Amino acid sequence: MLTTKTFLRKTKRGNILKIVREHYLRDDIWCGSSLCKNCSLKEKDKVLDKEVISNVSSVFSFPHYLVLDTNVVLHQIDVLEEDVLENVIILQTVLEEVKHRSSPVYRRLKDIIENPNRKFYIFVNEHHKDTYVERKPGETANDRNDRAIRVATSWYATHLSGSQPKAKNKHVSMVLLTDDADNCQKAKAEGLIASTVYDYVKSLQDAPTLLDKLSKKDGVFEGGSKEPLFPLHLSPKEIQDGLKAGKLHQGTFLASRENFLEGSVNVEGFEKFILVQGHAGLNRAVDGDTVALELLPESDWVAPSDIVLEDSEDDPGDILDEEVKMEKEKAKAKKVEREPTGRVVGIIRRKWRQYCGILLPSQDKNSVRHLFVPAERKIPKIRIETRQAEKLKSQRIIVAIDAWPRTSRYPLGHFVRALGNVGDKDTENEVLLLEHDVPHSKFSDQVLSFLPKLPWIITEEDYAKRVDLRGLTICSVDPVGCTDIDDALHCRELENGNYEVGVHIADVSHFIRPGNALDKEAALRATTVYLVDKRIDMVPELLSSNLCSLRGNVERFAFSCIWEITKNAEIVNTKFHKSVICSKAALTYGEAQAKIDDKNLNDDVAKSLRGLNSLAKILKKRRIENGALVLASPEIRFQVDSETHDPIEVVAKKMLETNSMVEEFMLLANISVAEKIFQEFPDCAMLRRHPQPPPSNFDPLIKAGNLQGFEINVESGKQLAESLDLALKPENPYFNTMLRIMATRCMMQAVYFASGMLQKEEFAHYGLACPIYTHFTSPIRRYADIIVHRLLAACIGADSTYADLLDKRKSHSLCHNLNYRNRMAQYAGRASVNLHTHLFFRNRVQDEQGYVLYVRKNALQVLIPKYGLEGTLYLAPPKGQVAKVNFTYNEEEQSQSYGSIKFRVFDPVTVQLSLDRTNVQHEKLMLLLVKPEIPDFSVPSQAAADEAMDVDQVKDTAAPSQPPSKRQRKSK
Amino acid sequence: MELLSDQGLRLDGRRPEELRNIRCKLGVFSQADGSAYLEQGNTKVLATVYGPHQPRGQSRNKAPHDQVFVNCQYSMAVFSTGERKRRPRGDRKSQEMSIHLRQALVAAIRTELYPRSQLDIFVEVLQADGGNYCACVNAATLALVDAGVGMREYAVACSASLANGEVALVDVSHLEESSGGSNLTVATLPVSGQVALMEMSQRFHSDHLPKVLERAIEGCKDIHQILDGAVRKHVEETGRASGWGQVDRAGIAL
């Protein structure tokens, strides 16, 4: 049953190689249709219907199966995801090409195929003896594939015609959908039924909604100037040649958050990012794209502009502007600050995804062309065509980019789906989860099927396998309202005067067995994501809040790490075992602190806590002496209304002694475990490292320090820690904290990695100043910890290994996902805080004390410690208005001055906070200066404003930087 | 690279348990005492056997007094791979292959029948496309049969690998070999089920090893069938020329 067919392939690998591969053609590949009488199909392989509803389409009003061309799958995946299209045949030729060209589309296509209701069948035409097509001499690969698709389509037609009646209305025909005009024409010439997607979709009953989702790849929207606005992109061949010759460079384009006409390209081999500026320089690159870059001659290099520039709010049509402003900047830039500058000459790979955002209200009500504003500021606006604008204008929607032709100022896209009303908290949460790629759907039934059956009881067998620690006085200390308690502690004095200290971690790996659906889901999610009012669990709630959670006075499985420690906090020995514990008390940080402080309390828990606390202090001191950094980032907590979940009050997170006590022992456990698993599995231990940042990262910190007269030494972590400790200003108590915030921003991200992938010297954790580190203590909310638990269990013989655990490449790619998800979770958390800050300020205007964090050319970045937020205080008026007050910017000194008033970095200011809702769609927090007072620029303080409301209003209309609408709202 | 598609087909269109096409021919040289040519897909191998004869040269000292001294040489033609090979024989890899070859063949040959004598087995890979060692063992077995050397049974080798971490693939091609996964090569005496040699390119996890090994041994048994068929056909053909084994119309042996 095998027929061989060898074919030749030539590849270039420096020199020309001839590769000969076998290609087997088979006679046991079936057509997948229930009406076929010739194929010996199994029941489960009968994917395509016998009876096809015939009246779906008005043009093709006979029963038919669809065959898709590659370009249809690639560009119209959004339409395919709709439930309308059924009985579709995906050829292997198409599948392979899609996989090769775009992996996200491939993944989505696979999801559709796996859904049995959609009736998508994969036909392996490349290995079928009758449908295999050999490439003719002179034929391009593309043409050959097109021919293969046509051959397979006609094979289906003849194959099926034998098994069914001839009558037209009963006879199932094949319809080939293709957007390639040439292919369509040839197919028709060969007697096949072919159509473009547009024509087909238009003829469907649900056409209107589907039409919006059609990609506009080829059709440039009518109207607009036909003059090209952008330079031509180089062809792939020219790019390849240029890269090889060293004339061009390849890199990832990163758009600037603050200036939409500026970005940088991260090119390997260059120390600094390469700057690109202006419409022509960016040349249609979108954030994340891999681009080909040409470096400009050094005489054309410029400095990154200091201005904050936002794209205009209205639809300017296809004209470019704003360049003028930038041009002027260039001339002024000093030689020293010039950075390597380049321009994008071609796109190697687009990294377009779907974007959340809103429609810009259009002047013309009946127009179908609209502008879409993405929530992510780095992404340009997108022009889309929709007939549902009236319905969508108040909603958050998702849009995909299709193309960016030279003649269009904005990329062209199409509508994908609506999320819900703007301003709804649920919608906004959904937006930020989608924007940060956080998997947040409900756990599937398959995943839930791997949960333990309730009621869950501990059996004798379990007791036999584990060490019984139920007698120990173990307690947990966590923040208020914590339900996923994954760590508990105990401490007792031994007879020899030493302490026995135990850290007990929830034994999640007992419940999540490697390789099952639950494990895979957890690995995908990688981490629990904490939003202000919501928690997106990594594992189902039954585990996270019940069976794994080490709640008070219930028996739970734990993984214990037990040390014998001397009074001077020297470790004598370390033991690890799986155990059964019974926590005596689940305390909050505050309660634990109270127990420690209450001198009259002398029960076991209090004694245990005091022992832990005293040891923790020694450990912390020693760690800091070793050069561990104490960094700061403004952290706040919202007090949320229990009914509406709206934020009612903001409080800064408090740090108690007990916080640091728990932290110290978690660090100790992590380090002990890291050493153990690395010793046992030098190749595949999952560890965490924090690389030392390159010295250039610290430049802003050193500069800021110098301006205030402090020397910041960044040679090593220890020296940095010491110089930060010394930088104190009695008149500005917040100065030191701000320096630490700045230092935090100079740091690199800490990452997970498999120990076999790096040299041992690179394992070090810079921030904690320890040579080896991992995460062991939070398996309920971090997947890395589950892996570490499994490794440790294998070390002590409590569990067996499995293949993927010991495969360093698999671990490596797992680490990759964990790092990505962690980063995204962090961003999502921040975005959630931001969102709630906006909600918080919706109905209030408030004066707050802030500090200047950075001085920019036309603005000040102000940090408001109370809310932990950073805002931009614009010094220059918005475009089109004349400034009454002109500030002088001193780059050398990093200051802005007007008359006798001078703003420098770290200077305290009082600002008025309010929410600018002029643009309903894009609310932003607005800062206005209150103190120091500058006539015609600053606004009166809140107290004064309330008294003199009327006067205020009159004055406001004169003040240029005042948005009128906000004041009107307030007076209501 | 996905070694096995969702439709259950490998990169070249085979199913996991399917061997590549095997074609072989015995007695391709008249100079040698025994010879065979074997194709396993695109892997093509020529094997020749000289002897048993009197030990010559250095091996006179090496030859044991109670059994035959088996001398194996593995070599690859300079044109056998995509890029021209510099050294066709004698490099480290070929030496290792020679030793492994010897180990598998000695297990099958009845060495005690030919004391104080030497048996030379030369194997040349003409085209390499994965599973070189397996093809060499199989070709050498055929050449030994052709030479009429006494054997316990055939020595047959086959490789296997693991796709997507769960499905075992038999008879691994070069493309599959080089995709980074671990490969298992096993040489067996398929009738008795004994394993003469087993080698892995990387470690398999102990969860996977049994099923991969089983698949490889299954493959050996399949190959054995094919080789045995080829030998029978060959004997029939050569016998026909001399009239041996043929029956006249009256049913009387000629």
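Since the model is a prediction, treat every value here as computed from it, not as a measurement. We name chains A, B, ... by the order of the sequence lines, and we start the count at 1 in each one.
A donor-acceptor pair shorter than 3.5 Å can be found between the side chains of A:Glu126 and A:Thr93.
A centroid separation of less than 6.0 Å is found between the aromatic rings of A:His23 and A:His127.
Note on A:Asp28 versus A:Lys129: no salt bridge recorded, every NZ/NE/NH1/NH2 to OD/OE distance being 4.0 Å or above.
Within the 4.5 angstrom heavy-atom criterion, only side-chain atoms of A:Ile29, from C-beta onward, approach chain B. For B:Leu11, the part lying under 4.5 angstrom from a heavy atom of chain A is the backbone only. Of the two parts of A:Ser800, neither the backbone nor the side chain holds a non-hydrogen atom closer than 4.5 Å to a non-hydrogen atom of chain B.
Most heavy-atom pairs under 4.5 Å with chain B: of the set A:Leu805, A:Asp807, A:Thr801, this distinction falls to A:Thr801. Of the residues considered (A:Lys110, A:Lys99, A:Gln92), A:Lys110 shows the highest number of contacts with chain B, using heavy-atom pairs under 4.5 Å.
One distance of note links CG of B:Leu126 with OH of B:Tyr37; it measures 6.5 Å at 0.5 Å rounding.
Residue-environment remark: NE2 (B:His174) stays at or below the threshold of 12 foreign heavy atoms within 6.0 Å.
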